There are 2 protein chains.
Amino acid sequence: MTRAEENYLKTIFHLGKGHNANISTNAIAQQVETKPSSVTDMAKKLADKGLLHYTKYQGVSLTDTGSRTALSIIRKHRLWELFLVKKLDFSWDEVHEVAEQLEHIKSEKLIDRIDALLGFPRFDPHGDPIPTKDGQFLERDKELLSELPPGTQGICVGVKDSSAPFLRFLDRNRIALGHTIEILEKEDFDKSLLIYREGEPLRISHQIASNLYIKKNDPWNK
Amino acid sequence: MTRAEENYLKTIFHLGKGHNANISTNAIAQQVETKPSSVTDMAKKLADKGLLHYTKYQGVSLTDTGSRTALSIIRKHRLWELFLVKKLDFSWDEVHEVAEQLEHIKSEKLIDRIDALLGFPRFDPHGDPIPTKDGQFLERDKELLSELPPGTQGICVGVKDSSAPFLRFLDRNRIALGHTIEILEKEDFDKSLLIYREGEPLRISHQIASNLYIKKNDPWNK
DNA sequence: AATTAAATTTAGATGAGTCTAAACATTGTT
DNA sequence: AACAATGTTTAGACTCATCTAAATTTAATT
């Protein structure tokens with residue numbers, strides 16, 4: 001399994017969002033930063049290897065083996081990200097690039113030991129779930145901040161966009177995973193929100209709110 | 001700088017043992033596990049990039065830049081090896097293969113943080129010196145056990161051969177870095193040694209002794 | 001100094017992954 | 001139903017790193 005093959009599988013998994021739909025050549029090309037014609041070639045190769053279902057002009061989907069392989073790469077990526085943050089003091093906007101490299105290191109023992117060193121964590125620094133060795137993972141029950149009504153209180157548990165600029169914006173505005181957030185007001189006109197976090201109010205745009213995942217506080221199940 | 005290029009530079013550095021002699025095509029081919037004709041191609045390429053001096057039929061030597069590059073790869077390799085042993089409980093015979101992959105990860109920040117996490121160590125798990133960021137490294141003053149006369153006492157500070165079978169032999173026979181070793185007798189016939197270590201005597205062949213580095217105990221400079 | 005042996009280089013080919021440009025399919029619109 | 005517009009695939013070419021087989025140079029031996 002080459003690095004390129006692994007990157008294709010990972011990308012196809014992400015584009016299918018777990019549901020394993022048929023993914024178009026173009027969509028993959030854009031994500032992998034290559035040309036559609038290159039994707040076609042790779043699709044054939046991965047289909048030959050039994051990792052993809054591929055029908056001409058109809059896009060691709062992952063086979064069981066392909067899916068398992070993708071999950072193991074995602075597992076490695078997310079474990080490395082958490083390692084960088086927890087053990088080497090990287091900030092959450094710096095980890096992606098390095099994890100993109102580390103995820104391709106071939107050693108089961110290595111990743112299992114990293115897993116153990118971190119205490120078998122279930123979520124990465126952006127709140128995304130870390131698949132277990134056998135490919136299981138729980139999506140945490142969470143909602144977009146932008147979808148919740150004023151008065152809601154909850155904990156920030158993830159980000160939808162995990163690009164460095166967005167993450168740095170959150171840092172500057174003292175929004176981080178684990179923080180409690182309460183919606184004070186919602187402006188009808190532009191759907192911006194006035195929220196309360198870390199003891200202070202803050203106004204955020206709809207675009208920001210629609211990239212923040214919140215777990216509502218459940219008074220019964222504290 | 002591709003992975004293959006990095007491996008060539010590292011290998012050429014090792015073959016020159018720091019002195020930067022002219023290294024033959026054949027010697028490199030053997031070490032990199034490729035054919036001499038491939039080495040010729042790569043030699044030309046690296047010479048074009050200013051990393052090697054290359055004259056047809058005369059072998060290659062590292063330029064200053066080439067040497068610095070090689071040292072930075074060796075630094076990474078040895079830091080990763082120590083990380084695996086110290087933080088992830090790998091044994092010293094398991095680390096090489098994985099470090100061969102990790103040494104190619106491109107992130108200065110990453111390796112500097114690993115360095116800090118380990119407390120800026122000066123030697124790797126096999127007793128080899130770890131170059132600093134600016135390419136300096138001290139060879140520890142050490143001698144081969146096989147070269148020392150009976151009666152000598154010292155500390156085991158390194159291994160010449162760091163192949164897994166040899167390292168596992170040492171584990172089985174309770175010889176490790178940091179252990180005190182004393183030469184009790186030397187057999188003229190086969191140059192085997194009777195040594196004392198960990199409270200017990202042990203007979204070892206000349207071949208074993210000639211792969212163990214000892215730092216003699218200096219009563220004045222304890 | 002001539003000849004043989006060994007090391008090294010050239011020439012041409014291969015596989016992985018990519019590209020461009022042209023051909024072909026599918027979809028949506030009139 | 002015909003035709004764009006868009007999406008996808010083929011064909012042919014390129015780079016990187018490698019190979020084999022043949023040619024060439026250097027070194028060793030007589």
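Small disclaimer: the values here were computed from a predicted structure and weren't measured. Quick note on labels: first sequence line is chain A, next is B, and so on, each numbered from 1.
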[atom1] of [X] versus [atom2] of [N]: gap in Å, rounded?
| X | N | atom1 | atom2 | value |
| --- | --- | --- | --- | --- |
| A/Ile28 | D/dG7 | CD1 | C1' | 13 Å |
| B/Tyr8 | D/dC16 | OH | C1' | 11 Å |
| B/Asp41 | D/dC19 | CG | C1' | 10 Å |
| B/Lys35 | C/dT14 | NZ | C1' | 15 Å |
| B/Lys56 | D/dA23 | NZ | P | 16 Å |
| B/Lys49 | D/dC16 | NZ | C1' | 10 Å |
| A/Asn26 | C/dT26 | CG | C1' | 13 Å |
| A/Arg3 | C/dT18 | CZ | C1' | 17 Å |

**Prompt:** Does C/dT8 have OP1 or OP2 sitting under 4.0 Å from an N or O in the side chain of B/Ser37?
**Reply:** no
**Message:** If you only use heavy atoms from C-beta on, which nucleotide in C/dA16, D/dT9, C/dT9 is closest to the side chain of B/Pro36?
**Reply:** C/dT9
**Fill in**
From the candidates C/dT10, D/dT26, C/dT26, the one with an atom nearest any side-chain atom of B/Thr40 is C/dT10
**Request:** Under 4.0 Å between any heavy atoms, over every strand shown, what does A/Thr34 touch: base, sugar-phosphate, or nothing? Just pick one.
**Result:** sugar-phosphate
**Prompt:** NA contact type, A/Ser38, heavy-atom cut-off 4.0 Å: base, sugar-phosphate, or nothing?
**Reply:** base
**Prompt:** Under 6.0 Å between the ring centres of B/Tyr213 and B/Phe123?
**Reply:** no
**Prompt:** Are B/His77 and B/His96 near enough that their ring centres are under 6.0 Å apart?
**Reply:** yes
**Item:** Between A/His126 and A/Glu81: side-chain donor-acceptor atoms closer than 3.5 Å
**Value:** yes
**Prompt:** Are any of the side-chain nitrogens in B/Arg78 or B/Glu103 under 4.0 Å away from the carboxylate oxygens of its partner?
**Reply:** no
**Message:** On DNA chain C, does the nearest nucleotide to A/Tyr57 precede the nearest nucleotide to A/Met42 from the 5' side, or the other way round? Give the residue.
**Reply:** A/Met42
**Message:** Consider side chain to side chain donor-acceptor pair (under 3.5 Å). Of B/Arg203, B/His206, B/Gln207, which one does B/Ser192 pass it with?
**Reply:** B/Arg203
